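This is a predicted model, so every value here is computed, not measured.
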Number of protein chains: 2
Amino acid sequence: MRRSKEDAEQTRQAILDAAEEIFCSQGVAAATLEKISHRAGVTRGALYWHFKDKADLLQALHDRSRPVQDAMIRAAAQDGHEDPLGLLEQAATDMLVAFEQDARQQRMFMIMNFTSPDEGGAAWLRQVNAELFLTLSSLIGQAEQKGELTPDFSPNEVTVIMIATLNGFISDWLRSGRLFPLADLGARLVKRQMSLFRREKLTSSDDVPA
Amino acid sequence: MRRSKEDAEQTRQAILDAAEEIFCSQGVAAATLEKISHRAGVTRGALYWHFKDKADLLQALHDRSRPVQDAMIRAAAQDGHEDPLGLLEQAATDMLVAFEQDARQQRMFMIMNFTSPDEGGAAWLRQVNAELFLTLSSLIGQAEQKGELTPDFSPNEVTVIMIATLNGFISDWLRSGRLFPLADLGARLVKRQMSLFRREKLTSSDDVPA
DNA sequence: GTTTACATACATACGCGGATGTTTATAAAT
DNA sequence: ATTTATAAACATCCGCGTATGTATGTAAAC
């Protein structure tokens with residue numbers, strides 16, 4: 001019973017959806033192509049028609065989620081902003097809010113974060129983190145050039161801290177079964193933490209010549 | 001060729017060492033008992049003599065690393081300290097220093113952190129994190145009762161933030177291939193971050209006008 | 001009529017667990 | 001002190017299930 005092209009695309013998406021759920025709940029290694037295709041309401045034949053093998057499936061899953069990730073990264077990449085650290089703070093909290101409401105993003109994070117490096121998961125996360133590092137680094141570099149950065153940390157160190165904190169926050173939130181308000185607590189933390197990175201304005205007897 | 005009891009214990013440890021390395025480099029799921037036993041210089045027969053199956057091996061691996069974890073946790077559990085937050089800061093930096101120098105701890109963290117939940121990895125991490133949460137929570141609770149805690153965060157929130165930050169820091173450090181100084185940067189971050197949790201002593205004006 | 005979009009059937013490989021064989025430490029008996 | 005029995009500490013081998021990949025069938029879409 002051959003389907004139309006739209007139907008074919010629909011089954012393809014169904015397979016991707018099923019893979020997302022199975023990969024997330026069972027883990028990539030334990031996930032069987034039979035389980036995935038059965039969950040999608042098709043047979044392994046259909047899966048092998050659309051995808052070469054399990055790795056290709058994971059790749060496709062990754063490609064499908066890339067636009068969202070890219071959008072979030074670009075949202076923080078606006079150049080020449082007059083308040084880079086403020087923009088960074090805003091972007092981070094926005095990201096947390098969006099993440100908390102998007103089950104698909106959460107599943108992708110779990111899949112890529114909990115999958116072992118040899119299965120391509122780490123490579124993906126590395127790439128995303130590298131792009132994120134570059135954009136954040138750019139923003140923070142702008143802040144430094146404007147003299148807004150504390151001397152306590154170098155720009156690269158601030159970038160590392162930001163990424164590690166956000167990653168750890170999200171990881172723990174997912175691992176804990178979402179039992180604390182990610183965006184709320186995260187936003188408050190980011191706000192306070194950002195103050196650690198800002199050069200102190202002027203506390204009574206501080207001589208800071210420009 | 002029957003070995004003496006010391007020899008037997010030695011091969012048992014050799015198997016555990018091999019499992020630690022293989023699990024860490026290949027991932028738990030991709031790790032074959034044949035690979036592990038071959039790495040240990042024995043056959044699968046020996047492995048099955050000492051351990052019931054792969055899950056049992058992982059359990060034994062976990063048990064072997066427990067004393068270290070417990071020691072670190074207890075190090076932060078001294079009750080009735082006159083400066084709970086200071087103790088917490090000290091314990092956290094000490095933990096980072098020790099972790100940075102202990103390859104075995106690093107491997108165990110990677111194994112348990114990157115292994116999928118269904119294979120027992122997450123359960124282990126959950127338990128350790130739960131104990132850690134309780135001890136930290138106790139410390140921070142003491143700080144609150146002494147009125148040393150900021151009103152910005154609840155004690156539980158502070159605990160969550162501390163654990164998430166440390167976890168994220170360690171995870172990113174391992175994932176990045178150790179390309180930033182974990183203990184050094186971590187200690188400086190913890191020191192500054194801890195100031196966010198302390199109730200401000202008395203700064204003339206405490207609110208920041210835009 | 002040809003290609004598409006699958007389903008079905010089968011061939012292959014691999015890892016696991018267990019059965020069994022073998023050697024030797026160790027204790028008990030002599 | 002020597003012998004004997006038992007069980008520890010492995011090695012070797014094999015059967016089984018299971019996942020994977022491929023080859024083929026087939027009905028509908030183009």
Practice item. Report the residues that fulfil salt bridge (Lys or Arg N to Asp or Glu O under 4.0 Å) with B:D172, sequence neighbours left out, ordered by chain and then residue number. Key: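 B:D172 satisfies salt bridge (Lys or Arg N to Asp or Glu O under 4.0 Å) with B:R175 once adjacent residues are dropped.
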Quick one: which residue pairs count as a salt bridge (Lys or Arg N to Asp or Glu O under 4.0 Å) with a foot in [range], not counting sequence neighbours?
{"range": "residues 35-48 of chain B", "value": "B:E21-B:R39"}
{"range": "residues 131-141 of chain A", "value": "A:R66-A:E131"}
{"range": "residues 23-33 of chain A", "value": "none"}

So does [X] get a side-chain nitrogen or oxygen closer than 4.0 Å to the phosphate oxygens (OP1/OP2) of [N]?
{"X": "A:T11", "N": "C:dC6", "result": "yes"}
{"X": "B:W49", "N": "D:dA9", "result": "yes"}
{"X": "B:H50", "N": "D:dA9", "result": "no"}

Figure out the [atom1]/[atom2] separation between [X] and [N], and round it to whole Å.
{"X": "B:L57", "N": "C:dG17", "atom1": "CG", "atom2": "P", "value": "11 Å"}
{"X": "A:D53", "N": "D:dG21", "atom1": "CG", "atom2": "P", "value": "5 Å"}
{"X": "B:L47", "N": "D:dA11", "atom1": "CG", "atom2": "P", "value": "10 Å"}
{"X": "B:D56", "N": "C:dG17", "atom1": "CG", "atom2": "C1'", "value": "14 Å"}
{"X": "B:E34", "N": "D:dT12", "atom1": "CD", "atom2": "P", "value": "11 Å"}
{"X": "B:E9", "N": "C:dA25", "atom1": "CD", "atom2": "C1'", "value": "17 Å"}
{"X": "B:F51", "N": "D:dC10", "atom1": "CZ", "atom2": "P", "value": "11 Å"}
{"X": "B:H38", "N": "C:dC16", "atom1": "NE2", "atom2": "C1'", "value": "19 Å"}

Just distance, no hydrogens or angles: give the donor-acceptor pairs under 3.5 Å from side chains in residues 83-97 of chain A, sequence neighbours left out.
from  : atom 1 : to    : atom 2 : distance (Å)
A:D83 : OD1    : A:G86 : N      : 3.2
A:Q90 : NE2    : A:D94 : OD1    : 3.0
A:T93 : OG1    : A:E89 : O      : 3.4
A:T93 : OG1    : A:Q90 : O      : 2.9

Study note, to complete from the structure: Of C:dA5, D:dA11, D:dT22, the nucleotide closest to the side chain of B:V42 is D:dA11
Check your understanding: Do the side chain of B:K191 and the main chain of B:G186 share a donor and acceptor less than 3.5 angstrom apart?
Key -> no
Check your understanding: Under 4.0 Å between a Lys/Arg side-chain N and an Asp/Glu carboxylate O for B:E20 and B:R107?
Key ->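 So B:E20 pairs with B:R107 through a salt bridge.
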Show me the protein contacts with nucleotides 8-15 of chain C, counting only N or O atoms at under 3.5 Å.
from   : atom 1 : to    : atom 2 : distance (Å)
C:dG15 : O5'    : B:T32 : OG1    : 3.4

